[in-house]
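Written out below as structure tokens is the structure these notes cover.
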Number of protein chains: 2
Amino acid sequence: MYEVLFNFLSKYMSLSEEEKNEIISLDIFRSVKKGTILLKEGQQSKDSYFVLQGCIRTYYVIDGEEKTTAFYTEMDVLTPHCIITKAPSEYYISCLEDSILTVSNSDMEADANRRFPRFETLCRMLSEERLTLQQIDFDQFRTSSPEQRYLNLIQKRPDLLQRVPQHQLASYLGIKPQSLSRLRARILENSKA
Amino acid sequence: MYEVLFNFLSKYMSLSEEEKNEIISLDIFRSVKKGTILLKEGQQSKDSYFVLQGCIRTYYVIDGEEKTTAFYTEMDVLTPHCIITKAPSEYYISCLEDSILTVSNSDMEADANRRFPRFETLCRMLSEERLTLQQIDFDQFRTSSPEQRYLNLIQKRPDLLQRVPQHQLASYLGIKPQSLSRLRARILENSKA
DNA sequence: TAAAATCGTTCACTTAAGTGAAGAAATCGG
DNA sequence: CCGATTTCTTCACTTAAGTGAACGATTTTA
């Protein structure tokens, strides 16, 4: 299990055995059942998640409707907004599948940053990279139609189509479930003709 | 001029006179005329920008049409995607108004990160904060209609309505200029009735 | 300052998304 | 294994965005 984590980290830096042991000693793995709510609207939390296996999602409840805004799968890091904004959470985090996560407290991270410059470098690089990749996603979302977004999703994250209910994908694409259903029928129709 | 920069940085950490002098010695200020293209599609660059005064924007050219995806105004930092992706730029960066920027090379930043742990901490905090704020923006964009996005823009960045041409705002809102024009007329109509 | 380019609005028409309802299919829970 | 819920699709209708064109109004620039 640690191998998956170390393998991920090795993309950014090589770790000494000592450092690996230090990480292991933190005992941060957690198994989470499908349906578990990790964070509720209004709550505050200091926990960040790294997905080793499975899928978690964030969603808002607006006028009684769930609006899914992100899916986190293998090798993704989720740091709840409320940790940065220091305000109660505006959204929910829930577990879409039985998952294995690492859970790290922001105090632990601050401590690690203080003690290991290399850890801080890793965090800086990771968040700079995430920021840019997300900007690219946002740009793409802004500049394309729902249909293009859907076709793009098929290319970029085909696994989501298999593991996520359609109505959750719909709000992720910025439309209603009925529209996604219609849009899919339209695409199928056009590819036939 | 340095005061504006130091004032910004003081939100994150206090700087010693030595550190301030070090920054001054880098000589990174640059005055840029309206209309100047700072980066072209296909080019690579190592320069990042901090806006002290003025406004710059990023835009893609898709099917011959400009699609504006971001505006950077006072106290905003723009790190071009190509620095992180290490690929040619997919978009343009252009100067909307006569502006005063700081221009920093990514080699300089890497050097500063190596020499000053505090600088690296600052960069980590800034990019973690930017990442979260941008996620919130993206969530809001996903979960709202063009009209809601426009009303939201009036609240959040009223200055943009004054300083940016409408057709650039339109693509920023994910719609066509004609639709923005109509949408504005509709809002005005409704607020009268 | 005059010609050219850019910009914003409007119009008529087309296309696609939102809405509310209904029903079939799949999944879940006891 | 069966009933209940959830999920997905379809339909008819409404609303809003896309398209192409036209026309002033501004701004640019030569």
Side-chain angles (χ1 to χ4, degrees), chain A residues 33-37 55 57 59 61-68 71 94-98 141-154 160-190 192-193, chain B residues 33-37 55 57 59 61-68 71 92 94-98 141-154 160-193:
Chain A
K33 279 272 165 237
K34 176 175 179 171
T36 306
I37 307 255
C55 181
R57 69 188 249 261
Y59 65 94
V61 175
I62 299 175
D63 299 331
E65 288 208 5
E66 280 187 16
K67 306 264 193 176
T68 300
F71 300 99
S94 123
C95 211
L96 260 174
E97 305 170 353
D98 291 351
F141 193 94
R142 259 186 218 288
T143 60
S144 57
S145 66
E147 181 167 330
Q148 290 172 314
R149 283 174 212 153
Y150 177 72
L151 293 170
N152 188 48
L153 190 69
I154 295 176
L160 288 186
L161 301 185
Q162 306 308 318
R163 60 211 295 198
V164 172
Q166 222 108 95
H167 67 281
Q168 290 175 13
L169 282 181
S171 54
Y172 185 63
L173 296 170
I175 57 177
K176 304 282 165 183
Q178 298 96 315
S179 297
L180 177 54
S181 196
R182 174 173 42 202
L183 180 158
R184 281 158 49 86
R186 194 168 64 222
I187 290 172
L188 206 63
E189 196 51 43
N190 290 346
K192 246 190 299 188
Chain B
K33 279 272 165 239
K34 176 176 179 173
T36 306
I37 307 251
C55 181
R57 68 186 250 262
Y59 64 93
V61 175
I62 298 174
D63 299 330
E65 287 209 5
E66 281 188 16
K67 306 265 194 176
T68 300
F71 299 101
Y92 296 78
S94 121
C95 212
L96 260 174
E97 304 171 352
D98 293 350
F141 193 95
R142 268 194 156 86
T143 59
S144 57
S145 67
E147 182 167 329
Q148 290 171 315
R149 282 174 213 154
Y150 176 72
L151 293 170
N152 187 50
L153 189 71
I154 295 176
L160 288 186
L161 301 185
Q162 306 309 319
R163 59 210 295 197
V164 171
Q166 223 109 93
H167 67 281
Q168 289 174 13
L169 283 181
S171 54
Y172 186 64
L173 296 170
I175 57 177
K176 302 283 163 180
Q178 298 95 316
S179 297
L180 177 54
S181 195
R182 173 173 42 203
L183 180 160
R184 282 158 48 87
R186 193 168 64 221
I187 290 172
L188 206 63
E189 196 50 44
N190 290 346
S191 69
K192 244 189 303 185

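First the proteins, then the strands, lettered A, B, ... as listed; each starts at 1.
Taking the side chain as every heavy atom from C-beta outward, A:L153 and A:Y172 approach each other to under 4.5 Å. A:E65 places a side-chain heavy atom less than 4.5 Å from the side chain of A:K176. Contact of the B:L96 side chain with the B:Q168 side chain is registered, since non-hydrogen atoms from C-beta on lie closer than 4.5 Å.
In this structure, a donor-acceptor pair under 3.5 Å is present between the side chains of B:R182 and B:S179.
The CG-P distance, from A:L169 to D:dT9, rounds to 11 Å in whole Å. Between the NE2 atom of A:H167 and the P atom of D:dT9 there is a distance of 12 Å, given to the nearest Å. Between B:L96 atom CG and D:dT27 atom C1' there is a gap of 15 Å when expressed in whole angstrom units. We find that CG of A:L180 is positioned 12 Å from P of D:dT10, with the value rounded to whole Å. For A:Q166 and D:dT10, the CD to P distance is 11 Å, given to the nearest whole Å. What separates CD of A:E189 from C1' of D:dT9 is a distance of 15 Å, to the nearest Å.
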Write out a two-atom table: protein N or O, nucleotide N or O from nucleotides 28-30 of chain D, distance below 3.5 Å.
none

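Residues passing the side-chain hydrogen bond (donor to acceptor under 3.5 Å, both in side chains) test with A:Y59: none are found, sequence neighbours excluded.
The side-chain tip of A:R142 points at the ring of B:F141 from less than 6.0 angstrom away and within 45° of straight on.
Counting all heavy atoms, side chain and backbone alike, A:T143 lies closest to B:K67 at CG2-CB, 3.6 Å. Scanning all heavy atoms of the two residues, the minimum distance from A:C95 to A:K33 falls at CB-O, 3.6 Å.
Comparing B:R182 and B:Q168 along DNA chain C, the residue whose closest nucleotide (by nearest heavy atom) sits nearer the 5' end is B:Q168.
Bracketed by its first and final contacts, the part of DNA chain C lying under 4.0 Å from non-hydrogen atoms of chain A reaches from C:dA16 to C:dC28 in 5' to 3' order.
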